[in-house]
Amino acid sequence: MVIFPVRKCLQAARVALLVVLVVTILTLFEQWRGGQRNAGAAFSDPLEAAYESEILEDEARIIPGLGEGGVAAHLMGHEKQLGEESEKKLAINVYLSDRIPYNRTLRDYRNPACSRLLYDAELPSASVILIFHNEPYSVVIRTIWSVVNSARRSNEWFKHANYVDKQTGRVTKIGSPGQDPNSPFVYLKEIILVDDNSTLPELKGKLSHYIRTRLPPDLIRILRLPDRKGLTQARMAGARVATGSVLIFLDSHCECVRDWLRPLLQRIKDKRATVLTPLIDVIEQDNFMYQPGNPDTFEVG
């Protein structure tokens with residue numbers, strides 16, 4: 001029989017436990033350091049890291065639920081005063097816009113009969129072209145998000161469609177001809193942002209960084225004009241690089257509503273020479289309230 005000294009066993013156990021504890025702490029520390037290095041490595045370029053820091057600060061200012069559904073958004077006290085001052089300078093309450101979520105959802109203000117219309121499942125592809133010159137950064141981002149979100153395949157309204165071609169009887173699928181059925185987006189082929197020689201710094205590298213890191217970068221591209229061309233020429237520049245079957249021009253201070261794209265594409269599919277102007281609603285510049293337009297007084301130019 002072998003007898004082990006109790007004291008020596010306890011001392012050895014304490015030493016072993018201490019060694020294990022130290023090794024564990026060092027391992028966790030190295031993993032943490034590695035995680036820190038990896039997080040920084042994604043933006044090893046100091047300029048990119050600066051853009052990321054600015055965007056994180058922007059996102060921290062956002063007030064969840066503010067202006068949701070298109071209701072009027074309000075701030076109180078000193079913040080209200082700052083918003084009013086920004087509106088006087090820029091003709092829009094930029095301070096408030098910076099605090100409204102980029103992804104806010106609007107109510108469905110359409111005539112109830114619109115939801116009963118049956119659109120073809122197969123419709124032409126669309127290039128959405130947005131022109132901007134010194135627009136407030138948060139307004140531009142909100143416009144982009146509204147276009148992106150309205151074209152997601154997961155939207156419930158895309159389930160309600162006519163899957164049989166009226167002329168050939170061919171069974172079709174939701175999407176544009178040749179579109180990948182696994183694409184998360186329907187009908188939207190691309191968003192082209194045309195920067196008409198803006199001078200605001202946040203519309204340059206910061207905007208590009210936001211798109212690369214938070215939006216589908218393969219869906220969106222920016223065309224930066226070296227000189228100010230004006231709205232018409234800027235639109236033409238966007239049209240020249242577009243690859244979609246249908247060109248849709250939007251201002252960069254828009255918010256797209258539920259199922260806005262299919263009515264346009266359906267009419268163009270039915271008659272290729274058609275040029276459409278949708279009913280244009282209003283977003284109030286002081287409180288970002290969404291005001292539906294009156295179809296009885298709307299004039300087509």
Side-chain angles (χ1 to χ4, degrees), residues 28-71 73-87 89-90 92-106 130 132-152 154 184-185 191-193 195 198-224 252-256 283 287-288:
L28 292 174
F29 180 69
E30 282 303 310
Q31 289 178 349
W32 176 81
R33 285 183 61 194
Q36 293 293 95
R37 287 195 296 268
N38 290 338
F43 305 111
S44 56
D45 182 341
L47 199 55
E48 292 292 312
Y51 294 145
E52 179 67 16
S53 177
E54 290 177 25
I55 290 172
L56 290 174
E57 290 177 5
D58 293 340
E59 293 172 342
R61 295 189 191 99
I62 292 174
I63 303 174
L66 185 64
E68 185 64 21
V71 301
H74 299 287
L75 299 173
M76 303 298 291
H78 183 58
E79 287 196 325
K80 178 182 178 182
Q81 181 181 349
L82 292 174
E84 292 171 348
E85 291 174 358
S86 72
E87 185 182 351
K89 293 178 181 177
L90 302 166
I92 188 171
N93 193 333
V94 178
Y95 189 88
L96 176 60
S97 176
D98 292 346
R99 282 146 184 80
I100 296 175
Y102 302 145
N103 265 321
R104 77 165 178 171
T105 302
L106 300 174
L130 304 176
F132 65 91
H133 172 77
N134 286 349
E135 294 278 355
Y137 169 85
S138 58
V139 174
V140 175
I141 295 294
R142 193 172 296 112
T143 301
I144 299 170
W145 269 117
S146 75
V147 176
V148 168
N149 289 334
S150 68
R152 293 190 186 279
S154 57
F185 303 102
I191 299 174
I192 299 173
L193 306 176
D195 177 8
S198 296
T199 57
L200 294 177
E202 60 266 30
L203 296 177
K204 301 299 184 182
K206 179 180 172 182
L207 177 61
S208 297
H209 181 86
Y210 185 95
I211 291 171
R212 283 195 301 271
T213 58
R214 287 157 174 81
L215 283 157
D218 295 337
L219 186 69
I220 304 167
R221 52 178 164 156
I222 305 178
L223 176 63
R224 299 194 184 275
S252 55
H253 44 263
C254 296
E255 292 183 54
C256 299
I283 300 173
N287 58 24
F288 287 81

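Reckoned from all heavy atoms, side chains included, excluding hydrogens, waters and symmetry mates.
- Pairing each heavy atom of I283 with each of C254, the nearest pair is CD1-C, 4.5 Å.
- Judged by distance alone, the side chain of S150 and the main-chain N or O of S146 form a donor-acceptor pair under 3.5 Å.
- Proximity of V94 to V139: side-chain heavy atoms (C-beta onward) are nowhere separated by under 4.5 Å.
- Taking the side chain as every heavy atom from C-beta outward, N149 and T105 never approach each other to under 4.5 Å.
- For the pair R212 and Y51, the cation-pi test (distance below 6.0 Å, angle within 45°) is failed.
- Distance alone, capped at 3.5 Å, places no donor-acceptor pair between the R99 side chain and the A73 backbone.
- Contact of the F185 side chain with the V148 side chain is registered, since non-hydrogen atoms from C-beta on lie closer than 4.5 Å.
- Using a distance-only test at 3.5 Å, with no hydrogens or angles considered, no donor-acceptor pair links the side chain of N93 to the main chain of N287.
- Remark: side-chain polar atoms of R142 are paired, donor with acceptor, to backbone N or O of P101 under 3.5 angstrom.
- In this structure, Y102 and D58 have side chains that are in contact, with non-hydrogen atoms separated by less than 4.5 Å.
- When all heavy atoms of I62 and I100 are compared, the pair lying nearest together is CG2-C, 4.3 Å.
- Note that CD1 of I222 is 5.5 Å distant from CG of L193, once rounded to the nearest 0.5 Å.
- Atom-to-atom distance recorded for L200:CG and K206:NZ is 10.5 Å, nearest 0.5 angstrom.
- With sequence neighbours excluded, no residue forms a ring pair (Phe, Tyr, Trp, His ring centres under 6.0 Å) with H133.
- Note: R61 CZ to E79 CD = 10.5 Å, rounded to the nearest 0.5 Å.
- Rounded to the nearest 0.5 angstrom, I55 CD1 and E202 CD are separated by 11.5 Å.
- Distance CD1/I63 to CG/D98: 11.0 Å, rounded to 0.5 Å.
- A donor atom on one side chain and an acceptor atom on the other are found under 3.5 Å apart for R224 and S208.
- Among E54, E48, K204, the single residue meeting the side-chain contact (heavy atoms from CB on, under 4.5 Å) criterion with H209 is E48.
- Residues satisfying the side-chain hydrogen bond (donor to acceptor under 3.5 Å, both in side chains) criterion with E59, sequence neighbours excluded, are R214.
- When side chains are defined from C-beta on, P136 counts as touching I92, because their heavy atoms get closer than 4.5 Å.
- Atom NE2 of H253 sits about 8.0 Å away from atom OG1 of T143, to the nearest 0.5 Å.
- The aromatic rings of Y210 and W145 lie perpendicular to each other, with more than 60° between the two planes, well past the 30° mark.
- Between Y95 and L75 the shortest side-chain heavy-atom distance falls below 4.5 Å.
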